[in-house]
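One structure below.
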Protein chains: 2
Amino acid sequence: MTTHGASLIDVARAAGVSTATAGRALGGYGQVSERTRERVLAAAAELGYRPNGLARSMVTGSTQTIGVVVTDVANPFFATALRGITDVTSPAGFEVLLANTGGVLEAEQRAVSVMSEKRVDGVIVAAARPGEGAHLRRAMDAGVPVVLIDRQVSGVPEADSITVDNDHAAAEAVGHLTELGHRRIGVITEAGDQLARVRTGNRRRGLFPSAVRLRGYVSALEAAGLPVDAGLVASARYDRESAYDAMNRLLDLPEPPTAVLCTDNVLASGAYRAAQDRGLRMPTQLSLIGFDDEPWTTLVRPELTIVEQPTYDLGARAGRQLLDRITDGTASRRPQHIQLRAKLVARGSTVPQ
Amino acid sequence: MTTHGASLIDVARAAGVSTATAGRALGGYGQVSERTRERVLAAAAELGYRPNGLARSMVTGSTQTIGVVVTDVANPFFATALRGITDVTSPAGFEVLLANTGGVLEAEQRAVSVMSEKRVDGVIVAAARPGEGAHLRRAMDAGVPVVLIDRQVSGVPEADSITVDNDHAAAEAVGHLTELGHRRIGVITEAGDQLARVRTGNRRRGLFPSAVRLRGYVSALEAAGLPVDAGLVASARYDRESAYDAMNRLLDLPEPPTAVLCTDNVLASGAYRAAQDRGLRMPTQLSLIGFDDEPWTTLVRPELTIVEQPTYDLGARAGRQLLDRITDGTASRRPQHIQLRAKLVARGSTVPQ
DNA sequence: CTGAAAGCGCTTACAG
DNA sequence: CTGAAAGCGCTTACAG
């Protein structure tokens, strides 16, 4: 019950060797004879020796720890990606230092800074604000590899990124609807205020996934020769209630849409509910598409057509990418920007118009 | 782009002061004159100084880091609890070192050991095996406070614990059904093999939550004067498919149950689906109760009656409890065993028989 | 308010 | 194979 605990010096003394030898026996580096190793191990066991990782990291320069910064761990998307990260990095002997920013830039800046001070070997971040990358660049300049997930960030071109091809994902969903004959297609999105911006530019960097998806929606309409009607773009905050209201606004239109795309899974659940509560018959009176293959999407009737994101894989790849950087060194290769494909899963909620 | 970066020595030299003074100016401890503080801060900024948390922790004896060990971060239950933990500990200046064990004891042992070596200030663990606590006791003996969540563990009576009163929760659910007049009530559970054990003992320590819930089921039946029919206890693994099969087995019985309790939310989703696929009309032909207020439970028709666990609160309380221990020291108070109440939320899936 | 020195607990050349 | 010594980068008494 020694709270302070025995140090290497104590073990060495008890075993009658130098601390260097004791360290070699315990740490598994250098050469030690079988006899001394046994003596040291016995002494360590006797004293309840617990190596001090801080001291070791100070001299080796590696903490075997990576930082992971997300906006919300409770969000199934990030929880699943996080699992992908730990599944890859844990076998490699790394642990994860986790920070939850709640989407607040200042919290993210603080987290990255503290992690950097704690000398993590690298960091994976789902940025709170795609437009703000100065703190990430600072970390990279200090020698901490950064891998971006889910969102590209402007101002940090040197950072690797693993994202989903949201442009394509949304376009495929809308294409599915136009092929079914729908001509008035609504969208419920968090990025409604960026419609104008999205129609002109074509950068992904600096945009939220929702904005990129909105662009995919627009380009798919244009590809099908359909007009882009701003009245069919319904803005919602990232919660069910807000999506519920947005859906009702669309359905209250003089000429309501025959099909609606929701740019994420939370919005989809609110929209689905709104349609149910109005007594609207899906899919005959309304076709609906959401994002993410959440359990509920196959429990409801009709089952929801969705765009399935490779969420777990996103995390796993980010973990692997960071591990590579940690091994190879930051400056060795050019930044990698990996885009993963999402997959349209057609189910009962979408039918020909 | 200095990978090694400037140390306190460099800053001190540049500012023309001792490292002690530079440290005081930067670290915000001790006394420094305004003039020197400014000089030091300027020098630090110029050199891009980044304090070394490892060195600081070595001397202060605190890392401002807590360990969190769960079986599966991707599980909404743990993801939500984790959010509760970070929301409480982050404002206090602590970060979370996370490990995912996949429910494998050896992984948990390794994680706790490594965290202890990294000198976390304390650890919160959702144990993989309620019967195995030796490694946790070892951590406590080394001075690392341990707070158990969701599961009590035998062999670590000194550790605090925050759990849900699963006994009561399940009993309340079954009581709801017996009051509605149901007399043949089935249960789908992961702990089916522990029916005998559960009927005799009454310890909670060393039991999985599912086993405790099974006991609640049993005692509620007995309280209502109903027989406990082992044929109505359907075993399932922790996945939808397995629960799907279990539900079908129950419904294939010569005398099938009129109501079924699922001891967690994953099992409930599989069971719900099975009932749907058989074309069974809920709730008239079958009443169903699940656990956890997942989004899908109000999207399906009928909406699912559930037992709502205070998941976020579980994490938040655990975080607070650990913070207390870190401040007060391990030995100062007797272990706290907090049991939170779950709440029955009656919805459309349960009706009188 | 400021500085010189010791110390936290390891690992790493460097000799032998 | 083993040891003496230096060093990683801080903070903390102790003097002044």
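In what follows, every heavy atom counts, from backbone to side chain, and hydrogens, waters and symmetry copies are set aside. Lettering of chains follows the sequences in order, A, B, ..., and the numbering in each one begins at 1.
Annotation: salt bridge (Lys or Arg N to Asp or Glu O under 4.0 Å) contacts of Arg37(A) (sequence neighbours excluded): Glu34(A). For Ser113(B), there are no side-chain hydrogen bond (donor to acceptor under 3.5 Å, both in side chains) partners at least two apart in sequence or on another chain. For Ser18(B), the side-chain hydrogen bond (donor to acceptor under 3.5 Å, both in side chains) criterion is met by Thr21(B), not counting sequence neighbours. For Asp150(A), the salt bridge (Lys or Arg N to Asp or Glu O under 4.0 Å) test picks out no residue, with sequence neighbours left out.
Under the 3.5 Å distance criterion, the side-chain polar atoms of Asp160(B) are matched with a main-chain donor or acceptor of Gln336(B).
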For residues 128-140 of chain B, please give each side-chain donor-acceptor pair under 3.5 Å, one per line with the distance, not counting sequence neighbours.
unit_1: His135(B); atom_1: NE2; unit_2: Glu108(B); atom_2: OE2; d: 2.7
unit_1: Arg137(B); atom_1: NE; unit_2: Gly155(B); atom_2: O; d: 3.4
unit_1: Arg137(B); atom_1: NH1; unit_2: Glu158(B); atom_2: OE2; d: 3.2
unit_1: Arg137(B); atom_1: NH2; unit_2: Glu158(B); atom_2: OE2; d: 2.9

Please tabulate, for the side chains in residues 87-107 of chain A, all donor-acceptor contacts under 3.5 angstrom to protein atoms that are two or more places apart in sequence or on a different chain.
unit_1: Asp87(A); atom_1: OD1; unit_2: Arg83(A); atom_2: NH1; d: 2.8
unit_1: Asp87(A); atom_1: OD2; unit_2: Arg83(A); atom_2: NH1; d: 3.1
unit_1: Asp87(A); atom_1: OD2; unit_2: Tyr312(A); atom_2: OH; d: 2.5
unit_1: Thr89(A); atom_1: OG1; unit_2: Ile85(A); atom_2: O; d: 2.9
unit_1: Glu95(A); atom_1: OE1; unit_2: Lys118(B); atom_2: NZ; d: 3.1
unit_1: Asn100(A); atom_1: OD1; unit_2: Val73(A); atom_2: N; d: 2.8
unit_1: Asn100(A); atom_1: ND2; unit_2: Thr71(A); atom_2: O; d: 3.3
unit_1: Thr101(A); atom_1: OG1; unit_2: Val70(A); atom_2: O; d: 3.3
unit_1: Thr101(A); atom_1: OG1; unit_2: Gly103(A); atom_2: N; d: 3.1

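Here dA6(C) presents its P atom at 17 Å from CE of Met58(B), a figure rounded to the nearest Å. Atom C1' of nucleotide dG7(D) and atom CG of Leu54(B) are separated by 15 Å, given to the nearest angstrom.
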Counting Watson-Crick and G-U wobble pairs with both distances under 3.5 Å, what is the dot-bracket string for DNA chain C, 5' to 3', using [ ] for crossing pairs and | for pairs to another strand? |||.||||||||.|||
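Among the atoms of the strands shown, only primed sugar atoms or phosphate atoms (P, OP1, OP2) are found under 4.0 Å from some heavy atom of Thr36(B).
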Whether each nucleotide of nucleotides 11-16 of chain D has a protein heavy atom under 4.0 Å at its base (B), only at its sugar-phosphate (S) or at neither (-) is summarised, 5' to 3', as BBB---
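Distances shorter than 4.0 Å separate none of the side-chain N or O atoms of Ser33(B) from OP1 or OP2 on dC1(C).
Every pair tested for side-chain hydrogen bond (donor to acceptor under 3.5 Å, both in side chains) that includes a residue from residues 39-49 of chain B fails, sequence neighbours excluded, so the list is empty.
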